[in-house]
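Note that the numbering runs from 1 along the sequence shown for the chain.
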Amino acid sequence: MSEVIEAQATDEGIRIVRRFSAPVERVFAAWTTPEDFAGWFGGPQVDVPLDRLLWNAEPGSDWSAVMVLPDGTEIPWAGSFSQVAPPNRLVFDLTDDGSGPRDVVDVEIEPSPEGSTVRFSQLGGSMPAEQYEQAMKGWLGFLEAMAEIVEP
C-alpha cells in the first residue's frame, strides 16, 4: 500500500517520505525514464509533452521540461543532474525561472517490506516557507500520480 509517511515544508525547502508498493527498480525507472517522468511530473491535470522534454539521467547532463497547465499556461523547468546511482539515488537541481537560483532535489529509494520507500528533498532556501508549502503540495500530487504508474 502506498502512503505518505512524512511531509514538511520550511523556509529551507521540502522533505517528503513516501512508501510505494513497487520495487526499488521500478520506482527508480519512474524517475529516470522520460515517458514515465512525463506521465507523473505535474500530476494528472498537467501535460508534459515528450517532444519538449529533455530528460537523460546522467551526471552532468542538463535537463528541461515544459508543464502545460489546463488553461494553456506553460511553465518551463530546467536543471542538471549531479548524481545518478541506479537504483537508489538521483540528485538534480531545478528552477522554473531561468535566471533565478536553483534548488537541489535529492531522491533516495530504499527497499522496504511493502516495496520501496522514497526519501525526497528539495532544498535551497530560494523561496519563502509559504511557497515551499505550495511546492510540497504539488510534489505530493506528483508522487500520487507516480504511484498510479508504478504500482500494480
Side-chain angles (χ1 to χ4, degrees), residues 1-10 12-70 74-96 101-127 132-152:
M1 181 169 128
S2 177
E3 65 179 327
V4 175
I5 306 303
E6 175 186 338
Q8 82 179 84
T10 67
E12 294 176 8
I14 303 164
R15 293 188 193 280
I16 298 170
V17 178
R18 181 181 173 121
R19 281 197 195 111
F20 290 89
S21 62
V24 168
E25 294 79 10
R26 180 63 187 107
V27 174
F28 187 81
W31 278 97
T32 57
T33 305
E35 294 80 8
D36 282 350
F37 182 78
W40 64 262
F41 188 61
Q45 283 82 36
V46 174
D47 186 32
V48 176
L50 273 174
D51 65 347
R52 297 177 71 188
L53 174 64
L54 174 63
W55 192 255
N56 180 22
E58 296 288 333
S61 292
D62 290 335
W63 70 271
S64 62
V66 175
M67 286 181 174
V68 181
L69 305 181
E74 295 187 357
I75 302 172
W77 292 90
S80 60
F81 293 96
S82 57
Q83 293 182 41
V84 182
N88 302 102
R89 189 142 188 237
L90 180 68
V91 181
F92 59 93
D93 60 25
L94 84 163
T95 182
D96 64 353
R102 294 182 175 190
D103 279 0
V104 175
V105 170
D106 191 336
V107 180
E108 294 183 41
I109 309 166
E110 306 167 343
S112 69
E114 301 81 12
S116 56
T117 300
V118 172
R119 296 182 188 288
F120 169 93
S121 65
Q122 177 184 331
L123 302 174
S126 66
M127 302 184 289
Y132 276 122
E133 182 73 31
Q134 287 302 107
M136 182 185 71
K137 290 176 184 175
W139 279 109
L140 288 169
F142 302 171
L143 294 174
E144 184 64 30
M146 179 191 286
E148 306 247 340
I149 291 172
V150 301
E151 294 180 341

Residues forming a side chain to side chain donor-acceptor pair (under 3.5 Å) with E12, sequence neighbours excluded:
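Per chain and number, E12 pairs via side chain to side chain donor-acceptor pair (under 3.5 Å) with no residue.
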Beyond-backbone contact of [X] with [Y], side-chain heavy atoms, under 4.5 angstrom:
| X | Y | result |
| --- | --- | --- |
| I75 | L69 | yes |
| T95 | W77 | no |
| V17 | F120 | no |
| V68 | P49 | yes |

Check against side-chain contact (heavy atoms from CB on, under 4.5 Å), W63 and N56:
CA-CA 7 Å; W63 70 271; N56 180 22; over 6 Å; no
Could you pull out all donor-acceptor pairs under 3.5 Å where a side-chain atom in residues 36-46 meets a protein atom, sequence neighbours excluded?
{"from": "D36", "atom 1": "OD2", "to": "R26", "atom 2": "NH1", "distance (Å)": "2.6"}
{"from": "D36", "atom 1": "OD2", "to": "R26", "atom 2": "NH2", "distance (Å)": "3.2"}
{"from": "W40", "atom 1": "NE1", "to": "A30", "atom 2": "O", "distance (Å)": "2.8"}

Least distance between heavy atoms, [X] atom then [Y] atom:
| X | Y | value |
| --- | --- | --- |
| A135 | I14 | CB-CD1, 3.6 Å |
| S116 | A22 | OG-O, 2.8 Å |
| L53 | A65 | CD1-CB, 3.6 Å |
| L123 | G13 | CD2-CA, 4.0 Å |

Distance-only check: which donor-acceptor pairs under 3.5 Å involve side-chain atoms of residues 79-93, not counting sequence neighbours?
{"from": "S80", "atom 1": "OG", "to": "D93", "atom 2": "OD1", "distance (Å)": "3.4"}
{"from": "S82", "atom 1": "OG", "to": "V91", "atom 2": "O", "distance (Å)": "3.4"}
{"from": "Q83", "atom 1": "OE1", "to": "R89", "atom 2": "NH1", "distance (Å)": "3.1"}
{"from": "N88", "atom 1": "ND2", "to": "I109", "atom 2": "O", "distance (Å)": "2.9"}
{"from": "R89", "atom 1": "NE", "to": "D106", "atom 2": "OD1", "distance (Å)": "3.0"}
{"from": "R89", "atom 1": "NH2", "to": "D106", "atom 2": "OD1", "distance (Å)": "3.4"}
{"from": "R89", "atom 1": "NH2", "to": "D106", "atom 2": "OD2", "distance (Å)": "2.5"}
{"from": "D93", "atom 1": "OD1", "to": "S80", "atom 2": "N", "distance (Å)": "2.7"}
{"from": "D93", "atom 1": "OD1", "to": "R102", "atom 2": "NH1", "distance (Å)": "3.2"}

Interatomic distance, [X] atom [atom1] to [Y] atom [atom2] [nearest 0.5 angstrom]:
| X | Y | atom1 | atom2 | value |
| --- | --- | --- | --- | --- |
| E114 | S21 | CD | OG | 9.0 Å |
| R15 | M136 | CZ | CE | 13.0 Å |
| I16 | Q8 | CD1 | CD | 10.0 Å |

Do we see a donor-acceptor contact under 3.5 Å between the side chains of R19 and S112?
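No - no donor-acceptor pair under 3.5 Å links their side chains.
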Checking the side chain of T33 only, and the main-chain atoms of A29 only, is there a donor and an acceptor separated by less than 3.5 Å?
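Yes, because the side chain of T33 sits within donor-acceptor range (under 3.5 Å) of the backbone of A29.
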Is there a donor-acceptor contact under 3.5 Å from the side chain of Y132 to the main chain of S126?
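Checking the backbone N and O of S126 against the side chain of Y132, a donor-acceptor pair under 3.5 Å is found.
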Would E74 and R52 satisfy salt bridge (Lys or Arg N to Asp or Glu O under 4.0 Å), going step by step from the backbone distance to the final call?
CA-CA 11 Å; E74 295 187 357; R52 297 177 71 188; 2.8 Å; yes
With ring centroids as reference points, do W139 and F142 lie under 6.0 angstrom apart?
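So the answer is yes for these two rings.
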When you check the gap from the basic side-chain N to the acidic O, do E6 and R119 get nearer than 4.0 Å?
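So E6 does not pair with R119 through a salt bridge.
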Give the C-alpha distance, both sets of side-chain angles, the deciding distance and a yes or no for side-chain contact (heavy atoms from CB on, under 4.5 Å) between I5 and E3.
CA-CA 6 Å; I5 306 303; E3 65 179 327; 3.7 Å; yes
Give the C-alpha distance, both sets of side-chain angles, the deciding distance and a yes or no for side-chain contact (heavy atoms from CB on, under 4.5 Å) between V27 and V118.
CA-CA 8 Å; V27 174; V118 172; 3.7 Å; yes
Should V104 and Q122 be marked as a side-chain contact (heavy atoms from CB on, under 4.5 Å) after you check the CA-CA gap, both sets of side-chain angles, and the distance that decides it?
CA-CA 5 Å; V104 175; Q122 177 184 331; over 6 Å; no
